[in-house]
Amino acid sequence: MRYLLAAAVLTLAVPAAADHHELADPAEFAATHAEALSSAINHPSRAEDRARDEFRNPAETLAFFRVEPDMKVGEYAPGGGWYTRVLGHYLGGEGQLVGLYFDPTSGPFNAESQQGIRAGAAGFPAEAAEFTGLPAENFSAMTLDAVPEGETGTFDRVLVIRMLHNMMRWNNADSELKRMRELLKPGGMLGIVQHRAPQDASADYANGSKGYLRQDDVVGFVEALGFEFVGSSEVNANPNDPANWEGGVWMMPPSLGGDDETDARTRDLGESDRMTLLFRKRP
């Protein structure tokens, strides 16, 4: 069945008075861009990805982040291509998708890993082209320690999808987010989707090592780096996830990293409970 985007399914929350900047209501935004969103999400190249759509809600997430088809968008730490395929098709005609890779010198990366990160950035355009069937010239990439001249202040959006916990445990979240802020235009926005720990989880559990972070901690941390908190959405929430697994978020689908007994308990729970947060670059 093709993905049908309906305003009725958008249960998103934004503070009524974030500031003087006006943002389109997420449901209205989704309706305006329904054709482009649906076309990207239903593209044949995503046939194997589509099983995860009910848990990752790409159309609703991009609508909450107000990602328009003609924008310049940075995808931080592109992984197996799941979001790249959505964004590539959505932005590949009028907009621009840029892969943003870790600063290889900023984390616990040995020489081989650093070389792999740089190779990933160099290969991103061709990989995105293979994913989407669009020309490689439609895509670009960079590592955050080697931002090309002229790129600073040119991005409409930067998206960090299920990666902030790694940045926290690698102790490079501060420097990486500061570089992302520099890439954004005045008023440009940062969208974060992140595994969410219960607010009463211990600091030791919610430090990134288990994959989960506390939402209030994330908001405060990002605000301290020069961003204004615009709002949050529960579109990627999952109340079935207790978010207290001894082995961390990797016990949940799709990883299913536990033993047979644990996997049997988690297999039908969906994916992790996730916060979905939007921030604006402060002047």
Side-chain angles (χ1 to χ4, degrees), residues 1-6 8-13 41-42 46-65 75-86 107-108 159-171 173 191-221 232-278:
M1 179 181 295
R2 288 181 60 82
Y3 184 99
L4 298 177
L5 180 64
V9 304
L10 289 171
T11 55
L12 310 177
I41 289 165
N42 289 301
R46 296 194 65 251
E48 295 183 8
D49 295 341
R50 212 164 290 139
R52 311 238 66 81
D53 286 357
E54 66 174 302
F55 309 118
R56 299 181 179 181
N57 306 291
E60 295 88 342
T61 300
L62 294 180
F64 180 73
F65 292 155
E75 180 189 4
Y76 181 73
W82 198 94
Y83 247 104
T84 301
R85 280 184 281 275
V86 175
L159 307 183
V160 180
I161 310 293
R162 304 187 307 277
M163 274 302 302
L164 188 58
H165 60 284
N166 286 323
M167 298 157 67
M168 291 292 194
R169 64 193 181 116
W170 293 338
N171 200 31
I192 294 176
V193 178
Q194 175 56 44
H195 313 296
R196 176 168 54 190
Q199 198 52 41
D200 62 358
S202 71
D204 286 344
Y205 188 86
N207 63 8
S209 61
K210 302 293 186 181
Y212 293 103
L213 302 174
R214 296 180 299 206
Q215 183 164 322
D216 286 354
D217 294 345
V218 172
V219 172
F221 179 78
S232 65
S233 167
E234 290 299 293
V235 68
N236 292 307
N238 180 6
N240 294 323
D241 176 18
N244 62 358
W245 305 101
E246 183 177 352
V249 72
W250 304 279
M251 301 298 99
M252 288 286 288
S255 297
L256 291 175
D259 55 27
D260 289 346
E261 181 180 350
T262 302
D263 288 353
R265 287 191 293 129
T266 62
R267 191 179 307 278
D268 297 325
L269 295 181
E271 295 194 4
S272 65
D273 181 49
R274 291 166 187 159
M275 63 185 91
T276 304
L277 310 175
L278 185 61

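The model shown is predicted, which means the values in this text are computed figures rather than measured ones.
Under a cut-off of 6.0 angstrom, the local environment of CG in N171 is sparse, with at most 12 non-hydrogen atoms contributed by other residues, nucleotides or ligands. In E246, the CD atom is not crowded: 12 or fewer heavy atoms of neighbouring residues, nucleotides or ligands sit closer than 6.0 Å.
Note on residues 194-214: pairs passing salt bridge (Lys or Arg N to Asp or Glu O under 4.0 Å), not counting sequence neighbours, are R196-E234, R196-D273, R214-D217.
For the residue pair F64 and L277, the shortest heavy atom distance occurs at CE2-C, 4.3 Å. Of all the heavy atoms in F55 and G270, the pair that sits closest is CE2-CA, 3.4 Å. Taking both residues in full, the closest heavy atoms of P198 and P242 are given as CG-O, 3.7 Å, listed atom of the first, atom of the second, then distance. Counting all heavy atoms, side chain and backbone alike, L269 lies closest to W245 at CD1-CZ2, 3.8 Å. Pairing each heavy atom of G208 with each of W250, the nearest pair is O-CH2, 4.5 Å. Considering all non-hydrogen atoms of both residues, V193 and T61 come closest at CG2-CG2, 4.0 Å.
Of the possible donor and acceptor atoms, one in the side chain of S233 sits under 3.5 Å from a partner among the backbone N and O of V235. Between the side chain of W82 and the main chain of D49, a donor-acceptor pair closer than 3.5 Å is present.
Rounding to the nearest 0.5 Å gives a distance of 11.0 Å between OG of S209 and CG of N166. Taking OG1 of T266 as the reference point, atom CD of E261 lies at 11.0 Å (rounded to 0.5 Å). In this structure, R267 CZ and D260 CG are separated by 8.0 Å, a value rounded to the nearest 0.5 Å. Once rounded to the nearest 0.5 Å, the distance linking CD1 of I192 with CE of M275 reads 8.5 Å. To the nearest 0.5 Å, the span separating CG on L164 from CZ on F221 amounts to 7.0 Å. Note that CD of E60 and CG of N236 are 8.5 Å apart. Values are rounded to the nearest 0.5 Å.
L159 has its side chain within reach of F65: a pair of non-hydrogen atoms, C-beta onward, lies under 4.5 Å apart. With contacts defined as side-chain heavy-atom distances shorter than 4.5 Å, the pair M168/N207 does not qualify.
For the side-chain hydrogen bond (donor to acceptor under 3.5 Å, both in side chains) criterion with E271, the lone passing option out of R56, H195, R162 is R56.
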